[in-house]
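A, B, ... follow the sequence lines: proteins, then strands. Residue 1 opens every chain.
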There are 2 protein chains.
Amino acid sequence: MTVTLADVAARAGVSAATVSRVLNGNYPVAASTRGRVLRAVEELEYVVNGPASALAAASSDLVGILVNDIADPFFGILAGAVQAELSGASGPGGEKLAVVCNTGGSPERELTYLTLLQRQRAAGVVLTGSASEDPAHARALAAGLARLSGAGTRVVLCGRPAQAAGAEPEPGSRAEPDSRAEPESGAEPECGAPLTTLAFDNRGGAQRLTGHLIALGHRRIGCVAGPAGRTTTGERLAGHRAALAAHGIEDAPRRVVHGAYDRGSGYDAAVELLRRDSELTAVVAANDTAALGVCAALRDRGLRVPEDVSVAGFDDLPFSADAAPALTTVRLPLAEAGARAGRLVTGREERPPGGRATLPAELMVRGSTSVRYP
Amino acid sequence: MTVTLADVAARAGVSAATVSRVLNGNYPVAASTRGRVLRAVEELEYVVNGPASALAAASSDLVGILVNDIADPFFGILAGAVQAELSGASGPGGEKLAVVCNTGGSPERELTYLTLLQRQRAAGVVLTGSASEDPAHARALAAGLARLSGAGTRVVLCGRPAQAAGAEPEPGSRAEPDSRAEPESGAEPECGAPLTTLAFDNRGGAQRLTGHLIALGHRRIGCVAGPAGRTTTGERLAGHRAALAAHGIEDAPRRVVHGAYDRGSGYDAAVELLRRDSELTAVVAANDTAALGVCAALRDRGLRVPEDVSVAGFDDLPFSADAAPALTTVRLPLAEAGARAGRLVTGREERPPGGRATLPAELMVRGSTSVRYP
DNA sequence: CTGTTAGCGCGTTCAC
DNA sequence: GTGAACGCGCTAACAG
């Protein structure tokens, strides 16, 4: 029923091997032969059987991208940038297909997808967003990533900290660095590709953000932290607290509420924060979306932003500049990070020294924050 | 190096076939045997080889989702909803993997991805968003879709009109409807699965939106249409014009400007519209994102929204309610559409009668539109 | 219920 | 340069 390599070979009057060589272009073939083959391919509308070639070649052209929520522009921008690089320069291996996996932030689903991608013999995997801080999951994840890279899959962590366990081989284990330096020959060491980490400076960004509010005179600053038990939440919270500590401001636990990265959570968190301390003069939100919810909650209670309460977001998503007032936030280089992850996962860019790089976070001061009016 | 079925079989003291049966669960196996096999799988950390099983079974568990721009929440919500259904109820065939393909609105890339997905022997494909109106591309696309469904791939068009060519077999071709009614037996007719269409009522939504502005007293209504030559653009523009015509308002071509679905395009388009007619009292934008750009352009020129100029968007993306003023727009049931497309493409939902359904578009009146102040 | 036997379609040695 | 084999890892008939 469906056209195969053999059919094309018969049509072109050559062997299947020759057709394969023409199609993969990795072997010399006479120009005239190549022409006949290509014509036969056209005429028969032949389409390579991916699974079959993946089986024979022991590798596929699938690249997995794990995201917490594809409907969230944060991940959409990241995934889009990765994907653009995959289909961009069709370098070694040609066009790669992006497999976007929505984990919903669930560590279990994360592991499930990792297995699914390993099953597909994915060429690479990019994990984005925050990770669970639960030690058991961290261990399971590290094991899963180790299995993947052991199978030759390139792994890139994008926007999350390096894996604690087994991320990098101990430096000491490479006993004699120079004595038997491995030649450039073999593509990948059999032990598997080491994973690369692209982290955001969440801590620094959060610290500068809260520092900005403090500089404006704010002392009672509410914090809508992200979901509990996640690395990104921890990092941003640490930055927030560092800023408070640096100015000798009490870090009241009651001024911190956890919530998801959506508008409703921001709204609810703001209500709760106000209930706990009606004297708040500023709120830093988990991200821009939550910040909009915070603003809505404040307005609904008759408070003006920023006259009564300053509000800040995080990530600098596209709509933040158009909110009213425009959101003060922290810009993360999402597109750049995704593009770089895409190049790394296809082996088109060198790994940064040490296998990890931290991307800067830039404070964007806009209208939603102002000096505290006493 | 890597563990195979045979290894598991040996470890469990059974044949490879039995292991396969246990893993696929589609065949009776003794409980004790199954236990031994499962334990061996655990111990060996065995992971199925997807390509190999896809080759043997002549089908994969990949589902393609074509989107214009994954960084755009419109498509993110759609894709997320489709994906959620894929991994949801692990019905027949179990977990499916979503392959999200970013076409960037390019018809060529659309075709390329279709071929790539056919190469992977995808179980299904969901095409979202607008399509090119170019006849040549429409024909090429129809041919590509025909090849896909001919190969047994389920195809769902989501948010775009039915394919002109070959979408549905001519009703007349089924000569005798009752005489030899095909029994429910064979899963899919060999001729291939017919494609299903889920369309949005773009035309009706646009018509109601412009009608709303007219009811508010507006007569000089600028229109930031979407990219030229695309079905969605055409439908919305048709609705806009229908509303104008219904009220005997001149449809001045100079009051229509085409642009992309982003903020910058909206901004530029608004500037151009004002240049052409500085007396405009309202603007309908291609979508909410563009509408925000329009608002920004108006503000930059000292015009207030909605006091001087009313502005309306389209799609009702999440941030629209938080813009200032909140955007009047047309709500499209994106999540519902995506979920339904996901169920259709996995065969978990019956096709609607005629293979097509139109989803309603609801007018959302908010603060960005008001009565015209003379 | 379980083992045996054939391929699935292609890449990749080898020879020629 | 090209063709003839073989095997990748698994599923799907058949037997038993």
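Counted by atom type alone, T197(B) and R160(B) present zero donor-acceptor pairs between their side chains at under 3.5 Å. One side chain, E108(A) or H137(A), offers a donor N or O that lies under 3.5 Å from an acceptor on the other. Side-chain N/O atoms of D61(A) and Q120(B) include a donor and acceptor closer than 3.5 Å. R351(B) and T196(B) share a side-chain donor-acceptor pair at under 3.5 Å. Side chain to side chain, T18(B) and S15(B) meet the donor-acceptor criterion of an N or O pair below 3.5 Å.
The distance from atom CG of N49(B) to atom P of dT11(D) is 9 Å, rounded to the nearest whole Å. Atom-to-atom, CD of Q118(A) to C1' of dG9(D) comes out at 15 Å; the value is rounded to the nearest Å.
Of all the residues in residues 22-42 of chain A, N24(A) reach under 4.0 Å from DNA chain C with at least one non-hydrogen atom.
The backbone N or O of R109(B) sits less than 3.5 Å from a side-chain atom of S106(B), completing a donor-acceptor pair.
Here S20(B) reaches the OP1 or OP2 of dT11(D): one of its side-chain N or O atoms lies under 4.0 Å away.
T4(A) comes within 4.0 angstrom of the backbone, heavy atoms only, and of no base. V19(A) comes within contact range of no nucleotide atom at all, as no heavy-atom separation falls under 4.0 Å. Residue L55(A) is classed as a base contact, given a heavy-atom separation below 4.0 Å to a base.
Comparing A52(A) and R21(B) against DNA chain C, the residue whose closest nucleotide sits nearer the 5' end is R21(B).
Sorted by first then second residue, the salt bridge (Lys or Arg N to Asp or Glu O under 4.0 Å) pairs that include residues 24-41 of chain B, not counting sequence neighbours, are R39(B)-E43(B).
Annotation: side chain of C158(B) is not in contact with side chain of L127(B) (no heavy-atom distance under 4.5 Å).
From the 5' end on, the contacts that DNA chain C makes with chain A at under 4.0 Å to a non-hydrogen atom open and close at dG9(C) to dT13(C).
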